[in-house]
Amino acid sequence: MSIIYQALLVEGALPKKNKALLMVGLFAARREEKEMMHCVELAVEAGNSVVEIAELIASAIISRGIPTWLSGIEAIAYAVSLSEESKIHLVSIDEVATFSSQQECINYYQTEFEVVPNWIQYLIEYAPDILLKYSNLRTTSLRDGAVSRLLKELFLYAINVCDAYDKGISIHKSNASALGANAAMFDEIKALCIYAVGLKAIWNDTDRKA
């Protein structure tokens, strides 16, 4: 299995550094901590910083909730212990716009998806307070920062491929494609998913189903 894993972590459509980082996040999201900790070592060796590891894991909160973070803090702490940095350097980013009204949220989703998705429409109608808080969390966690928005979308795509969740696959594959992801990138992501959950990941993408 280690030979297979090393074969996956080579330069390709996605850099080796990004693949190692994605594997940390993927196992954090699946709460498989032994595998996650092993991947932390590989991610740090590949050049990922503590901030990159923390930011990627945090982006999964919008998809898989706080349990991902509770597992992920172990990865972050381990990365700190492995890091040669005496001080954590935060990446300066532009201030993230916050929504203060339902209409601002609606405008955001119309821009993101062209039309307001059904799952957002239900929040508008039945849980408007959650809509506002979720939307602010979403824009914050998916911003370009130490980790690019593209890599975060590919990460969320990978999580949903592993879970065979078609709606999540469709949303994040579309978002990643709009940001420049190509077929080779998606194939490499699927290869990482095969390592995480086995051959069933091959069929967990609506485009590949008969």
Side-chain angles (χ1 to χ4, degrees), residues 4-5 8-9 12-15 18-32 35-36 39 43 55-69 71-72 105 108-124 127 130-131 134-135 137-145 147-210:
I4 296 173
Y5 189 84
L8 292 173
L9 292 183
L14 291 170
N18 286 356
K19 293 177 185 178
L21 178 61
L22 287 169
M23 290 302 292
V24 174
L26 193 53
F27 283 122
R30 297 183 61 75
R31 298 185 296 283
E32 297 175 4
E35 294 85 347
M36 176 188 73
C39 291
E55 188 175 309
L56 184 80
I57 292 171
S59 70
I61 292 175
I62 65 167
S63 180
R64 294 301 181 269
I66 289 297
T68 293
W69 185 250
S71 291
C105 295
Y108 163 72
Y109 290 108
Q110 286 176 331
T111 300
E112 283 280 292
F113 299 103
E114 295 185 357
V115 296
V116 177
N118 187 54
W119 53 280
I120 291 297
Q121 190 62 49
Y122 272 75
L123 284 178
I124 293 169
I130 299 299
L131 168 71
Y134 170 79
S135 299
L137 174 61
R138 188 178 193 278
T139 56
T140 300
S141 62
L142 289 183
R143 71 193 188 280
D144 281 312
V147 178
S148 70
R149 166 81 187 271
L150 171 58
L151 194 63
K152 291 174 182 177
E153 292 287 0
L154 289 171
F155 172 42
L156 294 171
Y157 166 75
I159 291 173
N160 285 284
V161 167
C162 286
D163 288 347
Y165 185 56
D166 287 344
K167 291 180 181 179
I169 291 170
S170 177
I171 289 169
H172 296 292
K173 186 172 187 178
S174 177
N175 290 349
S177 294
L179 292 166
N182 56 39
M185 291 180 184
F186 289 119
D187 283 343
E188 290 184 4
I189 294 293
K190 292 284 287 289
L192 297 179
C193 294
I194 291 170
Y195 182 82
V197 300
L199 288 177
K200 64 181 181 180
I202 293 175
W203 296 281
N204 293 347
D205 183 337
T206 51
D207 289 348
R208 298 297 179 89
K209 291 181 178 180

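Throughout, residue positions are numbered sequentially from 1 according to the sequence presented.
- A distance of 7.0 Å separates OG of S148 from CG of N18, quoted to the nearest 0.5 Å.
- Judged by distance alone, the side chain of S170 and the main-chain N or O of D166 form no donor-acceptor pair under 3.5 Å.
- Residues F155 and V147 fail the side-chain proximity criterion, which asks for heavy atoms closer than 4.5 Å.
- For the salt bridge (Lys or Arg N to Asp or Glu O under 4.0 Å) test, residues two or more places apart in sequence or in another chain that qualify with E188 are K19.
- The aromatic rings of Y134 and Y109 sit parallel to each other, their planes meeting at less than 30°, with 60° as the upper class boundary.
- The two residues L150 and A176 come nearest to each other via the heavy atoms CD1-O, 3.6 Å.
- Residues K152 and S141 approach most closely at NZ-O, 3.1 Å, considering heavy atoms.
- N182 approaches M185 most closely through the heavy-atom pair OD1-N, 2.9 Å.
- Around atom OH of Y122, no more than 12 heavy atoms belonging to other residues, nucleotides or ligands sit under 6.0 Å away.
- Minimum interatomic distance between S63 and I159 (heavy atoms only, all atoms of both residues): OG-CG2, 4.5 Å.
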Please list every donor-acceptor pair under 3.5 Å in which a side-chain atom of residues 25-32 meets a protein atom from a residue at least two apart or in another chain.
{"from": "R30", "atom 1": "NE", "to": "E32", "atom 2": "OE2", "distance (Å)": "3.3"}
{"from": "R30", "atom 1": "NH1", "to": "D163", "atom 2": "OD1", "distance (Å)": "3.1"}

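- Two residues are said to be in side-chain contact when any heavy atoms from C-beta on lie closer than 4.5 Å; L154 and L14 meet this criterion.
- Residues I124 and V116 are in side-chain contact: their nearest non-hydrogen atoms beyond the backbone lie under 4.5 Å apart.
- For S177 (side chain) and K173 (main-chain N/O), a donor-acceptor pair under 3.5 Å exists by modelled atom type.
- Among residue pairs with one or both ends in residues 157-188, those qualifying as ring-ring contact (aromatic ring centres under 6.0 Å, His included) are Y157-F186; sequence neighbours excluded.
- Here the CG atom belonging to L56 is positioned 6.0 Å from the CG atom belonging to L151, to the nearest 0.5 angstrom.
- Annotation for A184 and A13: closest pair CB-CB, 3.7 Å, computed over non-hydrogen atoms.
- Remark: C162 SG to K190 NZ distance equals 10.0 Å, nearest 0.5 Å.
- A distance of 4.0 Å separates OG of S135 from CG of L131, quoted to the nearest 0.5 Å.
- Residues N175 and L142 fail the side-chain proximity criterion, which asks for heavy atoms closer than 4.5 Å.
- Nearest heavy-atom pair across A20 and L9 is N-CD2, 3.7 Å.
- Residues R64 and N160 meet the side-chain proximity criterion, which asks for heavy atoms closer than 4.5 Å.
- In this structure, CD in E153 is found 12.0 Å from CD1 in I189, a value given to the nearest 0.5 Å.
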